[in-house]
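Nothing here was measured: the structure is a model prediction, and the numbers come from that model. Hydrogens, waters and symmetry mates are skipped; everything else that's a heavy atom, side chains included, is used.
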Amino acid sequence: MRAFGPRGNELVLRICSALVLVPLAIGMAYVGGWPFDVFWGLAALGVLWEWCSLVAGADRRAALMTGAAALVLALALVATFHYLAAIIVLAMGTLAAAALAPAERRTWVAAGIPYAGALGVAPIVLRSDSADGFLAMMFLFAIVWTTDIVAYFVGRAVGGPKLMPRVSPKKTWSGALGGTVAAIVVAVAVAKAAALTGWLAIAILAVVLSVFAQGGDLFESFLKRRFGAKDSGHLIPGHGGLMDRLDGFVTASVVAALLGLARGGFEAPGRGLLMW
């Protein structure tokens, strides 16, 4: 039997990693409460580490320690529903990290604090809705994961014009459109299974979240290219680092949380996201 080539080996690693990470993420979302908050808090700290390592290199220590302290405190405040205080803490941590960072990379280092903070805060806010938080997370997972998977396979199978060749040479318009269409299908399927109404609004929401997820992926590709890195890290086999795996989820989760808060308030952000 012929051995797998490099692409085949990478795909096998991706599948094996997914078989571990997907049930873990779903399980934490189902449990909710402090285990869920800790799970995403650790993910946010990991992303902050990778961001600082990527943009600051050997000069990361002071900014990383300051940012991590601010991030932990902010996430603890969000978990106890002190949202305004959490925003203030993240802002102060961002300013402190900027002051401690090398002058030529100050803006980039400081930007890692709100980026990692967004990854921790958005899921916690959505899941805080005791009635619809779990369903909101499943809806978000379904859209982001489907977009990523289908865009990958359609892009490889169909090819065609590149989406943003200077940022990410492998991404194509066919993959982006395939991922978006698949996101609509899975979003409507979730809505039907959960007896949600307003399928047209759900479909439009799926497009918005899918586009933002792909935008987050492109931003991370730009960041790596800007600082001459292939991967953000080496933690996840077949994917690279946490940022490589969660880039699209960061942006999509922020948009989902903001929509949920705008429509459902702090009492029901999950319902605000799903009920149209």
Flag if over 12 foreign heavy atoms under 6.0 Å of [atom1], [X]:
| X | atom1 | result |
| --- | --- | --- |
| Arg263 | CZ | yes |
| Trp49 | CH2 | no |
| Met92 | CE | no |

So, for [X] and [Y], which heavy atoms are closest and what is the spacing to 0.1 Å?
| X | Y | value |
| --- | --- | --- |
| Val167 | Arg225 | O-NE, 3.2 Å |
| Gly216 | Thr251 | CA-OG1, 3.4 Å |
| Thr172 | Ser174 | OG1-OG, 2.9 Å |
| Ala118 | Val250 | CB-CG1, 4.4 Å |
| Ala206 | Ala183 | CB-O, 3.7 Å |
| Ala213 | Ala252 | CB-CB, 4.1 Å |

key: Selection residues 74-92 - residue pairs positive for side-chain hydrogen bond (donor to acceptor under 3.5 Å, both in side chains), sequence neighbours left out   =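 Checked against side-chain hydrogen bond (donor to acceptor under 3.5 Å, both in side chains) - neighbours excluded - the pairs reaching residues 74-92 are Thr80-His82.
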message = Test: side-chain hydrogen bond (donor to acceptor under 3.5 Å, both in side chains). Region: residues 191-200. Which pairs qualify, not counting sequence neighbours?
response =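 Not a single pair qualifies under side-chain hydrogen bond (donor to acceptor under 3.5 Å, both in side chains).
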Report yes or no: do [X] and [Y] belong to one cluster of Ile/Leu/Val/Met/Phe/Trp/Tyr joined by side chain heavy-atom distances under 4.5 Å?
| X | Y | result |
| --- | --- | --- |
| Trp34 | Leu42 | yes |
| Val190 | Phe212 | yes |
| Met28 | Trp40 | yes |
| Phe249 | Val254 | no |
| Val207 | Val186 | no |

key: With Ser168 via side chain to side chain donor-acceptor pair (under 3.5 Å) - residues at least two apart   =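 Result, side chain to side chain donor-acceptor pair (under 3.5 Å) vs Ser168: Lys171.
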ask   = Are Asp244 and Lys230 within salt-bridge range, i.e. N to O under 4.0 Å?
value =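 Between Lys230 and Asp244 there is no salt bridge, as every charged N stays at least 4.0 Å from the carboxylate O atoms.
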key: Backbone of Gly241 reached by a side-chain donor or acceptor of Glu50 within 3.5 Å   =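 No: the side chain of Glu50 does not pair with the backbone of Gly241.
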task = Please check if the side chain of Asp129 supplies one atom and the backbone of Arg271 the other of a donor-acceptor pair under 3.5 Å.
result =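 Answer holds: yes.
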Pair up each side-chain donor or acceptor in residues 60-71 with any protein partner under 3.5 Å, not counting sequence neighbours, and list the distances.
unit_1: Arg60; atom_1: NH1; unit_2: Gly57; atom_2: O; d: 3.1
unit_1: Thr66; atom_1: OG1; unit_2: Ala62; atom_2: O; d: 2.9

Hydrophobic cluster (4.5 angstrom, side-chain heavy atoms) - remaining members for [X]:
| X | result |
| --- | --- |
| Leu177 | none |
| Val150 | Val154, Val158 |
| Val31 | none |
| Leu73 | Leu77, Val89 |

Measure the spacing between [atom1] of [X] and [atom2] of [Y] and express it to the nearest 0.5 Å.
| X | Y | atom1 | atom2 | value |
| --- | --- | --- | --- | --- |
| Tyr152 | Lys170 | OH | NZ | 7.5 Å |
| Leu54 | Glu220 | CG | CD | 8.0 Å |
| Cys16 | Leu21 | SG | CG | 11.0 Å |
| Ile184 | Leu209 | CD1 | CG | 11.5 Å |
| Leu119 | Leu242 | CG | CG | 8.5 Å |
| Met275 | Asp132 | CE | CG | 4.0 Å |

Derivation and outcome, side chain to side chain contact (heavy atoms under 4.5 Å, CB included), residues Val55 and Leu223 = CA-CA 8 Å; Val55 306; Leu223 186 69; 4.1 Å; yes
What pairs of donor and acceptor atoms, side-chain ones from residues 134-147 against any protein atom, are under 3.5 angstrom apart with sequence neighbours left out?
unit_1: Thr146; atom_1: OG1; unit_2: Ala142; atom_2: O; d: 2.6
unit_1: Thr147; atom_1: OG1; unit_2: Ile143; atom_2: O; d: 2.7
unit_1: Thr147; atom_1: OG1; unit_2: Ser210; atom_2: OG; d: 3.0

request  = Can you tell me which residue pairs pass the salt bridge (Lys or Arg N to Asp or Glu O under 4.0 Å) test with a partner in residues 32-49, sequence neighbours excluded?
outcome  =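 Non-adjacent pairs meeting salt bridge (Lys or Arg N to Asp or Glu O under 4.0 Å): zero.
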request  = Return each pair, listed once, that meets salt bridge (Lys or Arg N to Asp or Glu O under 4.0 Å) where at least one residue sits in residues 95-109; pairs must be two or more places apart or across chains.
outcome  =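 Sorted result for residues 95-109: empty, none.
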Could you tell me whether the side chain of [Y] reaches within less than 4.5 Å of the side chain of [X], counting heavy atoms only?
| X | Y | answer |
| --- | --- | --- |
| Ser253 | Leu126 | no |
| Leu205 | Leu259 | yes |
| Phe266 | Ser128 | no |

request  = Mind jotting down which residue pairs meet the ring pair (Phe, Tyr, Trp, His ring centres under 6.0 Å) criterion with at least one end in residues 113-133? Sequence neighbours excluded, please.
outcome  =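 Only Trp51-Tyr115 qualify under ring pair (Phe, Tyr, Trp, His ring centres under 6.0 Å).
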